[in-house]
Amino acid sequence: GRAWIICSSQEAIDDVVKGVKKDDFSKILGRFDTKIKLSSTDIDEVIRQRLLAKTDDAASSLVATYNTRQAEITNLLTFGEGGTYKATYRSAQDFATTYPYIPYQFKLLQDTYMSIREKGFAGAHLSSGARSLLGAVQETAKAHAESEIGTLVPFSAFYETVVTAIDSSIIQIFDQVDRMVKEGVLEPQDKEILKTLFMLRSAQETMPTNLDNLAVLSVTNLSDNILDIKKRLADSLKRLEDRVLIQ
């Protein structure tokens, strides 16, 4: 007639709920004798095994792609100075297991979720924990499921995974941008870079939003030319600045 009750959470509850009196909270915790600390430090491995597992044929094809285009991939995915993230793949096997994502994205996305929540752009239910990251990767993977080999997921694609959690004032700005795109005042690519800039708004120290970094964040295919991306980005940033959407 006895039962175990197990409570799990993505993060320590006192890190999420502000204003909890330590004394009051310790009384609650005192009722639960057994505490198991779960870590999400290996979330990259979980993502690769649960969501990005490839068939043998697909893995072989991706390894061959990397081996023939390694220099091209490295040149395409190298951040400028000032950031703390590395975009390049460690090996052909790393490329095959991570594709269509780029290694920096998992950690940067976690940091982005945390900064968006802490700065008040979103509700507290937007977590930086493993479950939110798994959901984001799964959602974007489904959106790119029919893409050909060579396609990469740009960082702006992850905006769709936070849109349901962010404040309406932010969403209104993107609605305004949609109208400008329909009117021909802005280009569709302008909205994509605005999504990236919004998500990195509070992560300037770890990912400076200079042209070099933004170009790597905007790569959508292994065949992209980084110089062409920078030129398009410079034009987009000028249009967004002219419309006082960025400064």
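Bear in mind that the values here come from a model prediction, so they are computed numbers and not experimental data.
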* Asked: What's the verdict on side chain to side chain contact (heavy atoms under 4.5 Å, CB included) for L217 and L108, showing C-alpha distance, side-chain angles and the deciding distance?
  -> CA-CA 11 Å; L217 292 166; L108 179 57; 4.0 Å; yes

* So D94 and R48, side chain to side chain contact (heavy atoms under 4.5 Å, CB included) or not? Walk me through it. -> CA-CA 10 Å; D94 184 36; R48 290 184 177 98; 3.5 Å; yes

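The two residues H144 and A157 have their closest heavy-atom pair at CE1-CB, 4.2 Å. Shown here for I246 and L237, the closest heavy-atom pair between the two residues is CD1-O, 3.6 Å. Closest approach of E192 and S156 over heavy atoms only: OE1-OG, 3.0 Å. The shortest non-hydrogen separation linking S61 to I149 is OG-CD1, 3.6 Å. Here the closest heavy-atom approach between residue S147 and residue T151 is recorded as CB-OG1, 3.5 Å. Across all non-hydrogen atoms, the minimal contact from A59 to K54 is N-CB, 4.0 Å.
Legend: salt bridge (charged side-chain N to carboxylate O under 4.0 Å, His left out) pairs involving residues 216-228, not counting sequence neighbours: none detected. The salt bridge (charged side-chain N to carboxylate O under 4.0 Å, His left out) contacts involving residues 144-160 comprise E160-K195, where partners must be two or more places apart or lie in separate chains.
Under the 4.5 Å side-chain criterion, counting only non-hydrogen atoms from C-beta, V137 is not in contact with Q105. Counting heavy atoms from C-beta on, the side chains of I193 and S218 come closer than 4.5 Å. In this structure, the side chains of L51 and V46 stay at 4.5 Å or more apart for every pair of heavy atoms. Residues R239 and L245 are not in side-chain contact: their nearest non-hydrogen atoms beyond the backbone lie 4.5 Å or more apart. Considering only heavy atoms from C-beta on, R69 comes within 4.5 Å of L222 through its side chain. At least one side-chain heavy atom of F95 sits under 4.5 Å from a side-chain heavy atom of I73. Contact of the F155 side chain with the T112 side chain is registered, since non-hydrogen atoms from C-beta on lie closer than 4.5 Å.
For Y99 and Y89, the gap between ring centers reaches or exceeds 6.0 Å.
Taking the charged nitrogens against the carboxylate oxygens, R243 and D190 have no contact shorter than 4.0 Å, which rules out a salt bridge. Ion pairing of K231 with D235 is present here, as a side-chain N (NZ or NE/NH1/NH2) and a carboxylate O approach within less than 4.0 Å.
Between I229 and the options L227, N225, L233, a side chain to side chain contact (heavy atoms under 4.5 Å, CB included) holds for only L233.
To the nearest 0.5 Å, the span separating CG on L77 from CD1 on I226 amounts to 7.5 Å. In this structure, T97 OG1 and I47 CD1 are separated by 11.5 Å, a value rounded to the nearest 0.5 Å. For the atom pair Q93 CD and T98 OG1, the distance stands at 9.5 Å (nearest 0.5 Å). Note that the CG atom of L152 and the OG1 atom of T220 stand 7.5 Å from one another [nearest 0.5 Å]. For the atom pair CG (L197) and OG1 (T209), the distance works out to 6.0 Å, reported to the nearest 0.5 Å. L214 contributes atom CG, which lies 9.5 Å from atom CZ of F79 (distance to the nearest 0.5 angstrom).
Every side chain to side chain donor-acceptor pair (under 3.5 Å) that T140 has, sequence neighbours left out, goes to Y101. Scored by the side chain to side chain donor-acceptor pair (under 3.5 Å) test, D242 finds K238 as partners (sequence neighbours excluded). In this structure, Q138 has no side chain to side chain donor-acceptor pair (under 3.5 Å) partners at least two apart in sequence or on a different chain.
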Show which side-chain atoms of residues 169-187 pair as donor or acceptor with protein atoms under 3.5 Å away, not counting sequence neighbours.
residue: D178; atom: OD1; partner: K191; partner atom: NZ; Å: 2.7
residue: D178; atom: OD2; partner: K191; partner atom: NZ; Å: 3.2

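No hydrogens or angles considered: a donor-acceptor pair under 3.5 Å links the side chains of Q189 and S236.
T68 contributes a side-chain N or O that, together with a main-chain N or O of T65, makes up a donor-acceptor pair within less than 3.5 Å.
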